[in-house]
Amino acid sequence: MTVKTRFAPSPTGFLHIGGVRTALFSWLYARHHGGQFVLRIEDTDRERSTQAAVDAILDGLAWLGLDHDEGPYYQTRRFDRYAEQADRLLREGKAYRCYCTREELEARRAEQMARGEKPRYDGRCRHRAGPVPGVAPVLRFVTPTEGVTVVDDLVRGRVEFQNAELDDLILVRSDGTPTFHFGVVVDDGDMGITHVIRGDDHLNNTPRQMHMIRALGYHLPAYGHLPMILGSDGAKLSKRHGAVNVLEYREEGFLPDALLNYLVRLGWAHGDQEIFTREEMIRLFDIAGVNASASRFDGEKLRWLNQQYLKSADPAGLAAPFAEQLKHAGFDPGAGPPAAAVIEAYRERAATLRDIAHSAGYLYGDRVQMDDAAARKHLTTAVGGALAQLAVRLGSLAEWTRGGIHEVMTSVATDAGLGFGKLGQPVRVAVTGGTVSPPIDVTLELVGRKRTLARLTAALSLTGSGTGA
RNA sequence: GCUCCCUUCGUCUAGCGGUUAGGACGCGGCCCUCUCAAGGCUGAAACGCGGGUUCGAUUCCCGCAGGGAGCGCCA
């Protein structure tokens, strides 16, 4: 049997980080077994579904490289099929028209709650004699009232439900549109989904869906219900925990593989291994090893992982997203050194591409933003002479390379009777405007000769030693 | 309220009857060092509680407590 899984988001908002983890595990399962991965857009709620949300979902999945083999299917384009299946159930006596009004249902629910009972439909229309004038009926499914339904969950193990706990759920609304449960069942059946991997908020819905699947004559899929991802404080993941929209992670300068790697370790592990390539994930992932308990999202660990990926990535391949970061930070990527060189110099001291863009602004223009406190501390009269000397020596340096720059700096420091650091830090402040940057020779190499000399000269006036030397 | 699920360091997790309970993030210390990092070494830090079963329970069973989900003409 060929494995076929699916990801079936509803386009009522952006692609949520929890949804991505569900998609990832479903995708991994299909890929691991050499199966198929289907994308289906569950847009039966026409009020809340938007094209913008569909685009965001497609965008997010594409960015992460979670490719699908079939779809995207849209439920709104399959209404005829749902109607056909609904008619069949009605004809076969497996469904019936219910004329209870929303108001009646609501009142009964309130009564049941007041009595301490589980609110559910009492099935009274199963035996109603005829239509009620003026009331557009819904179609309800005839759910067994006795016996137990067993879900053999790939993640949870065996879970039993008393059928008496279930009620006759609505298949088709009074306006003729299918409900979520009905759409899911018909779609999974028609599309030949073999493994339903989804969030554990659906575990309780599974037995009722299983009954519908049997009634429709489809094969039962295997189920795997994944635990939730919570915010850092254990509450439901929401905006206040930081980004929940995947695309925000792209905007913040995270790498897709790092995000996937972080997510795959939420609820799953392979011994002590922390870093997995895409191929390793596919090869090693096993749904049976997935934890049943919810986990919390830890942005710090994501940042750490992202840096690991930054450090081992091919810098040239990061040029495009890095250029985007520079633009967002207000810099012109063309006004500085090649992206790959900057990334290489900075990736040991930054967790994201955005961090790099925010640290390396001095490379992208002629002006530096001088940190006054740093200038007061490091650009002192005592180093004025050495800085002036350095400017002269660097001006005549044959080749502008870090090696040559380093030699000159060592030589100038020695001549001035200074330790390398006593010269290096003032130079750093002069050239970058701050106290933090890559190794000073690398920094100067990136800044370039012209700007370095101009900035050293400008710094001399701050040291109060005039032209010095 | 009813039904279902979950419970190892702060967090992510390894463990699948006998371990000094391991790793990772974060946090502290030391080393390295021109700054910041990165890296290396190192320290503190966990089996929710109560009953069983067993020679022996973190591990199996049952309660309890705590957390979560579901109970819509939402998905």
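Here is how names work: the chains are called A, B, and so on, in the same order as the sequence lines, proteins then strands, and each is numbered from 1.
- The separation of B:rG40 from B:rA21, taken at their C1' atoms, amounts to 25 Å, rounded to a whole angstrom.
- Taking only distance into account, the side chain of A:Asp201 never meets the base of B:rG70 through a donor-acceptor pair shorter than 3.5 Å.
- The side chain of A:Glu300 lies closest to B:rG26 when the candidates are B:rA75, B:rG26, B:rC34.
- Between the P atom of B:rU35 and the CZ atom of A:Arg428 lies a distance of 8 Å, rounded to the nearest Å.
- Between A:Leu90 and A:Leu139, the closest side-chain pair of non-hydrogen atoms falls below 4.5 Å.
- Base engagement by A:Val138 is indicated by at least one non-hydrogen atom pair under 4.0 Å involving a base atom.
- When heavy atoms are screened at a 4.0 angstrom cut-off, A:His225 is found touching no nucleic acid atom at all.
- Rounded to a whole Å, the NE2 atom of A:His270 is 11 Å from the P atom of B:rG15.
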When you look at A:Arg81 and A:Glu84, which way does the salt bridge (Lys or Arg N to Asp or Glu O under 4.0 Å) test go after all the steps?
-> CA-CA 5 Å; A:Arg81 175 58 176 161; A:Glu84 184 181 313; 2.8 Å; yes
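- For B:rC64, the paired base is B:rG48 (Watson-Crick or G-U wobble, both distances below 3.5 Å).
- Residue A:Arg156 is classed as a sugar-phosphate contact, given heavy-atom separations below 4.0 Å to backbone atoms only.
- Between A:Met212 and A:Leu171 there is a side-chain heavy-atom pair separated by less than 4.5 Å.
- Nucleotide B:rC25 is matched to B:rG10 when pairs are restricted to Watson-Crick or G-U wobble geometry with both distances under 3.5 angstrom.
- No side-chain heavy atom of A:Arg6 sits under 4.5 Å from any side-chain heavy atom of A:Tyr73.
- Residue-level contact check: A:Met409 touches neither bases nor backbone, having no heavy atom under 4.0 Å from any strand.
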Considering only distance and modelled atom types, tabulate donor-acceptor pairs under 3.5 Å from the side chains of residues 13-24 of chain A, sequence neighbours left out.
unit_1	atom_1	unit_2	atom_2	d
A:His16	ND1	A:Gly18	N	2.9
A:Arg21	NH1	A:Leu266	O	2.5
A:Arg21	NH2	A:Pro227	O	2.3
A:Thr22	OG1	A:Gly18	O	3.2

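- The base of B:rA69 is paired with the side chain of A:Asn204 by a donor and an acceptor separated by under 3.5 Å.
- Counting any heavy atom pair closer than 4.0 Å across all strands shown, A:Gln307 reaches sugar-phosphate atoms only and no base atom.
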Output one line per pair: protein atom, nucleotide atom from nucleotides 39-45 of chain B, and distance, for all N/O pairs under 3.5 Å.
unit_1	atom_1	unit_2	atom_2	d
B:rG39	OP1	A:Lys311	NZ	3.2

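- Partners of A:Thr352 according to the side chain to side chain contact (heavy atoms under 4.5 Å, CB included) rule, which considers only residues two or more places apart in sequence or in another chain, are A:Phe254, A:Arg303, A:Asn306, A:Arg354, A:Asp355.
- Looking at heavy-atom distances under 4.0 Å, A:Glu160 makes contact with sugar-phosphate atoms alone, never a base.
- Atom pair A:Ile170:CD1 and B:rA75:P shows a separation of 11 Å (rounding to whole Å applied).
- Between the C1' atoms of B:rU19 and B:rU58, the separation comes to 11 Å (whole Å).
- Within 4.0 Å (heavy atoms only), A:Arg347 reaches no atom of the nucleic acid at all.
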Show me the protein contacts with nucleotides 8-12 of chain B, counting only N or O atoms at under 3.5 Å.
unit_1	atom_1	unit_2	atom_2	d
B:rC12	OP1	A:Arg296	N	3.0
B:rC12	O2'	A:Arg265	O	2.9

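- Backbone-only engagement by A:Gly116 is indicated by non-hydrogen atom pairs under 4.0 Å involving sugar-phosphate atoms exclusively.
- On the C1' atoms, B:rC31 is 25 Å away from B:rG22, given to the nearest whole Å.
- Among the protein residues, A:Asn205 comes within range of the nucleic acid bases, having at least one heavy atom under 4.0 Å from a base atom.
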Run the numbers on A:His32 and A:Asp286 for side-chain hydrogen bond (donor to acceptor under 3.5 Å, both in side chains), then give the verdict.
-> CA-CA 8 Å; A:His32 177 83; A:Asp286 178 11; over 6 Å; no
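- When side chains are defined from C-beta on, A:Val436 does not count as touching A:Ser359, because their heavy atoms never get closer than 4.5 Å.
- Pairing partner, B:rU3: B:rA69, with both Watson-Crick or wobble hydrogen-bond distances short of 3.5 Å.
- Distance OH (A:Tyr309) to C1' (B:rC25): 15 Å, rounded to an integer number of Å.
- Look at the C1' atom in both B:rU33 and B:rA14: the space between them is 35 Å, to the nearest Å.
- Under the Watson-Crick or G-U wobble criterion, with both distances below 3.5 Å, B:rU19 has no partner in any strand shown.
- Using a 4.0 Å heavy-atom distance criterion, A:Ser174 is classed as a base contact.
- Between the CG atom of A:Asp272 and the C1' atom of B:rA24 there is a distance of 8 Å, given to the nearest Å.
- A:Pro178 places none of its side-chain heavy atoms less than 4.5 Å from the side chain of A:Val186.
- In this structure, A:Pro9 reaches neither bases nor backbone, as no heavy-atom distance under 4.0 Å exists between it and the strands shown.
- Between A:Lys236 atom NZ and B:rG68 atom C1' the separation is 11 Å, expressed in whole Å.
- Side chains of A:Tyr121 and A:Arg108 form a contact here, defined as non-hydrogen atoms less than 4.5 Å apart.
- Each of A:Asp441 and A:Phe180 was assigned the nucleotide of RNA chain B with the nearest heavy atom; the assignment lying further toward the 5' end belongs to A:Asp441.
- Of the candidates B:rC2, B:rG72, B:rA75, B:rA75 carries the atom nearest the A:His202 side chain, counting heavy atoms from C-beta on.
- Between A:Tyr121 and A:Asp43, the residue anchored nearer the 5' end of RNA chain B, judged by the nucleotide with its closest heavy atom, is A:Tyr121.
- Under the Watson-Crick or G-U wobble criterion, with both distances below 3.5 Å, B:rG56 is left unpaired in every strand shown.
- Look at the P atom in both B:rU8 and B:rC49: the space between them is 12 Å, to the nearest Å.
- By the side chain to side chain contact (heavy atoms under 4.5 Å, CB included) test, A:Ser26 pairs with A:Thr5, A:Phe37, A:Ile197, sequence neighbours left out.
- Using atom C1' as the reference point in both B:rA46 and B:rU11, the two lie 12 Å apart (nearest Å).
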Begin with the C-alpha distance, continue with both residues' side-chain angles, and end with the deciding distance and a verdict on side-chain hydrogen bond (donor to acceptor under 3.5 Å, both in side chains) for A:Tyr309 and A:Asn261.
-> CA-CA 10 Å; A:Tyr309 274 82; A:Asn261 194 150; 2.6 Å; yes
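- The partner of B:rA38, taking Watson-Crick or G-U wobble pairs whose two distances both stay under 3.5 Å, does not exist in any strand shown.
- Rounded to whole angstrom, the span from the CZ atom of A:Arg46 across to the P atom of B:rC73 amounts to 19 Å.
- If you take atom C1' in B:rU54 and the same atom in B:rA69, they sit 36 Å apart, rounded to whole Å.
- Remark: A:Asp371 pairs with A:Ala373, A:Ala374 by the side chain to side chain contact (heavy atoms under 4.5 Å, CB included) rule, at least two apart or across chains.
- Taking atom CE of A:Met228 as the reference point, atom P of B:rU7 lies 16 Å away to the nearest angstrom.
- Counting only heavy atoms from C-beta on, A:Phe420 has its side chain closest to B:rC34 among B:rC71, B:rC34, B:rA69.
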